[in-house]
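To start, the structure under review is shown below, and the notes come after it.
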Protein chains: 2
Amino acid sequence: MQTQGQVRSANLAAVLACLRDGGPRSRARLAADTGLTKATVSSLVAELVERGLVVEGALVRPGSVGRPSTLVELDGRGFCGIGVEVNVDYLAALALDPTGTVRRETRLALDVAALAPAEVLARASALVSEVRAGQGAAAVGLTVAVPGQVQGAVVRTAPNLPRWVGTDVAAGFADQGLPVTVANDADLSALAEVSAGPHAHVADLVYLTGEVGVGGGVVTGGQLLRGSTGVGGEVGHLALTPGDAVCGCGRTGCWETVVGLAALLRAAADPGDPLRDPGRDLEDRLAEVVARARAGDARTLEALAGIGTGLGVGAAVLVALFDPAVVVLGGYFAEVGEFLLDPLRAALAQRVEDADRVVLSTLGFTAAVRGGAHVALQPVFDNPTSVPLLEAPA
Amino acid sequence: MQTQGQVRSANLAAVLACLRDGGPRSRARLAADTGLTKATVSSLVAELVERGLVVEGALVRPGSVGRPSTLVELDGRGFCGIGVEVNVDYLAALALDPTGTVRRETRLALDVAALAPAEVLARASALVSEVRAGQGAAAVGLTVAVPGQVQGAVVRTAPNLPRWVGTDVAAGFADQGLPVTVANDADLSALAEVSAGPHAHVADLVYLTGEVGVGGGVVTGGQLLRGSTGVGGEVGHLALTPGDAVCGCGRTGCWETVVGLAALLRAAADPGDPLRDPGRDLEDRLAEVVARARAGDARTLEALAGIGTGLGVGAAVLVALFDPAVVVLGGYFAEVGEFLLDPLRAALAQRVEDADRVVLSTLGFTAAVRGGAHVALQPVFDNPTSVPLLEAPA
DNA sequence: AGACAATAGTGCAGAGACCGAACGAATGGG
DNA sequence: CCCATTCGTTCGGTCTCTGCACTATTGTCT
């Protein structure tokens with residue numbers, strides 16, 4: 001903090017955060033909640049209105065006597081953040097406005113692994129253009145979620161998209177003319193979980209996503225855990241069990257060889273079973289697993305229970321180390337969650353306290369794009385003065 | 001940030017931090033380093049001098065032409081922070097001044113487990129008085145390190161000091177008239193490692209301390225990992241290996257049953273061996289282990305190699321999850337480190353990249369008290385205006 | 001020896017931001 | 001119809017930083 005201009009900016013941000021986290025309220029309540037005086041809040045609100053970030057809302061009758069208050073609320077019309085996801089078998093994009101409302105959302109099935117990265121990026125950018133089009137809200141930023149480790153804007157490792165290693169993902173969206181951030185999909189999903197929904201504002205959360213591999217995102221103390229080289233929270237290749245299955249990373253015993261989607265399919269069906277047909281869409285096969293389990297097929301249920309137990313063993317380590325308030329299961333874990341939770345909690349309860357903190361994600365496959373859009377909007381909330389004034393001050 | 005008074009405070013803190021982290025320097029360089037103007041820095045330095053936090057030092061001749069600069073440096077004479085440690089078989093206390101210099105240090109062997117907590121606290125408080133006495137520096141705070149999990153000022157769990165559970169440790173130091181903080185010893189040691197010495201300012205670090213059990217302290221993104229209930233970084237009871245050894249916590253397979261001091265002694269000597277004599281001081285026995293290892297005793301070396309391998313297996317999990325720049329081994333691990341590092345790094349290298357990031361602590365058994373004293377001093381650096389003016393402004 | 005350039009540090013007027021108190025606005029109750 | 005209550009604004013005051021001018025001190029060049 002150096003200049004009083006930054007004080008102004010910080011206080012504008014405090015008012016915005018208050019409105020975002022606690023909903024619309026009067027200037028008087030904003031003053032009480034932020035500790036600022038009513039005079040200052042009036043001035044701050046006026047500036048935020050000029051920047052198109054908040055609007056005056058309804059008049060609210062007080063409970064008893066007194067002048068009615070004018071609600072102040074976030075203005076969702078002016079801006080939005082864009083999240084876009086490149087995953088193994090689909091692309092997705094989403095526009096989120098400052099109020100937390102999803103403005104546009106789209107998804108495109110695509111065999112990403114079979115195409116050149118440049119080709120995929122062109123289609124993803126087209127998807128972004130589609131999401132941006134036809135709405136008054138100006139996009140303020142773009143975040144790209146990729147299933148791998150990212151350094152800067154470049155993919156460093158991507159077990160399920162090996163051709164993407166070394167790709168500068170941000171460059172593929174240069175035509176959008178927006179600030180572009182590239183990040184790991186599980187990390188962004190974790191941020192999505194703590195930014196909205198039932199776990200909003202939880203400061204310590206672990207997100208696990210089941211894909212072909214297993215991804216993890218960890219939030220501690222309200223911050224995303226990154227680690228010294230940006231590889232923190234890498235749960236897929238934890239060496240938990242001295243198992244013999246060889247992982248894509250070349251080692252044995254990695255957690256994802258135990259609880260990844262491949263492990264489930266192997267355990268649930270013999271070679272020759274349609275579930276093991278590598279040419280079939282993974283989503284289709286997963287739907288069939290769910291159908292068999294619901295029909296009570298013993299082999300399937302046993303396989304799912306095995307995954308649940310394996311998850312519990314690993315989750316015990318994560319719970320002991322991170323002490324999260326909640327462990328959220330996303331990706332395919334959420335889809336088959338009803339069959340996982342009991343064995344998972346049983347295994348977890350043997351090892352740590354409070355096994356009930358494991359829950360299923362309600363965001364589905366939109367978690368990553370939602371988190372990405374949230375990240376893209378963040379600069380507006382952090383520094384409201386970066387948003388231009390709408391009309392010249394009189 | 002609400003008032004411009006807090007701007008002043010933040011800028012005073014910025015100047016102090018600059019001097020602490022980068023050493024003495026002129027006002028002009030402070031201005032360049034903090035981004036403030038020279039005029040502002042002059043004003044800030046004047047106030048810090050009035051509060052007894054910095055002093056003017058030597059005149060430095062410039063390399064070529066120009067007026068010589070007056071160095072400004074931290075004043076270590078006025079204040080100190082106190083760290084005190086209650087451990088299984090000793091008490092220790094240390095006074096640290098703002099320059100990072102240890103002013104007084106003392107240690108007292110004591111069979112803490114055999115005494116009532118109140119009795120031990122009385123002796124610890126006497127130790128603090130001893131450290132405070134006879135120096136002009138006024139203590140600004142006191143931090144107590146205990147080998148267990150702490151909530152507020154109360155011990156929640158302490159495997160090796162079971163009688164202490166529920167003890168209000170801060171109350172035992174009320175007679176000192178200082179703000180008292182109580183914290184886990186491994187957490188404080190981790191803070192000590194990142195606050196001074198070869199790993200100063202490392203933002204991501206894992207500290208492991210070998211005692212009867214195993215303690216862990218984790219710093220991520222420059223912050224101590226606490227978790228939702230303050231139990232984060234609890235490494236001792238990680239269920240890593242499906243071993244059969246029963247842990248003090250009642251479960252099996254906990255890491256500390258594999259790499260704790262008890263495991264080492266069990267592996268290094270048969271029952272009846274003097275090393276296994278429970279009546280003997282642990283330090284003595286540890287010294288004998290080192291002596292035997294240095295003499296080349298095969299059984300001892302094998303036992304130590306086993307510990308090293310076990311450490312490597314667990315460290316692989318920690319490295320994968322936290323991605324620390326460095327893993328520091330403290331406690332007994334550091335004392336026998338020369339025999340652990342090779343097998344440890346071998347086991348680690350099989351599982352993660354960069355096994356060389358594991359190193360031995362150079363702080364020895366003073367890590368916890370040092371970290372505690374650092375924590376006690378922190379409020380002065382965070383908010384210099386909390387320190388009273390020495391002389392009334394003219 | 002003297003002028004000059006370079007660097008360090010201070011003095012001062014001004015602008016920006018918040019605060020506190022007083023004031024006008026809007027409403028329900030007696 | 002008056003008053004208490006609550007909301008929001010206006011205005012003067014204070015604090016802090018900034019930018020520029022100015023002094024201080026030294027080495028170098030002529």
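Letters A, B, ... mirror the listed sequences (proteins, then strands); counts begin at 1.
Distances shown here put every side-chain N or O of A:Thr37 at or beyond 4.0 Å from the OP1 or OP2 atom of C:dG20. One finds no side-chain N or O of B:Asn11 lying less than 4.0 angstrom from the OP1 or OP2 phosphate oxygen of D:dT16. Side-chain N/O atoms of B:Ser69 include none lying less than 4.0 angstrom from OP1 or OP2 on C:dA8.
A donor-acceptor pair shorter than 3.5 Å can be found between the side chains of A:Thr40 and A:Thr37. A:Thr220 and A:Asp204 share no donor-acceptor pair across their side chains, judged by distance under 3.5 Å alone.
For the pair A:Glu47 CD and C:dC18 C1', the computed distance is 14 Å after rounding to whole Å. Atom CZ of B:Arg27 is separated from atom P of D:dT25 by 14 Å (rounded to the nearest Å). Between B:Lys38 atom NZ and D:dG19 atom P there is a gap of 13 Å when expressed in whole angstrom units. If you measure from atom CG of A:Leu59 to atom C1' of D:dT6, you get 13 Å, rounded to the nearest angstrom. One atom, CG of B:Leu44, and another, P of D:dT18, lie 9 Å apart when rounded to the nearest Å. Distance CD (B:Gln6) to P (D:dC15): 15 Å, rounded to an integer number of Å.
In this structure, the side chain of B:Thr34 does not engage the main chain of B:Val15 through any donor-acceptor pair within 3.5 Å.
Counting any heavy atom pair closer than 4.0 Å across all strands shown, A:Ala28 reaches sugar-phosphate atoms only and no base atom. Using a 4.0 Å heavy-atom cutoff across all strands shown, B:Ser43 reaches no nucleic acid atom at all.
Along DNA chain C, the nucleotide nearest B:Leu71 and the nucleotide nearest A:Leu12 are compared for position; the residue whose nucleotide lies closer to the 5' end is B:Leu71.
A donor-acceptor contact under 3.5 Å is not formed by the side chain of A:Arg67 with the base of C:dA26.
Ion pairing between A:Glu47 and A:Arg8 holds under the 4.0 Å rule for side-chain N and carboxylate O.
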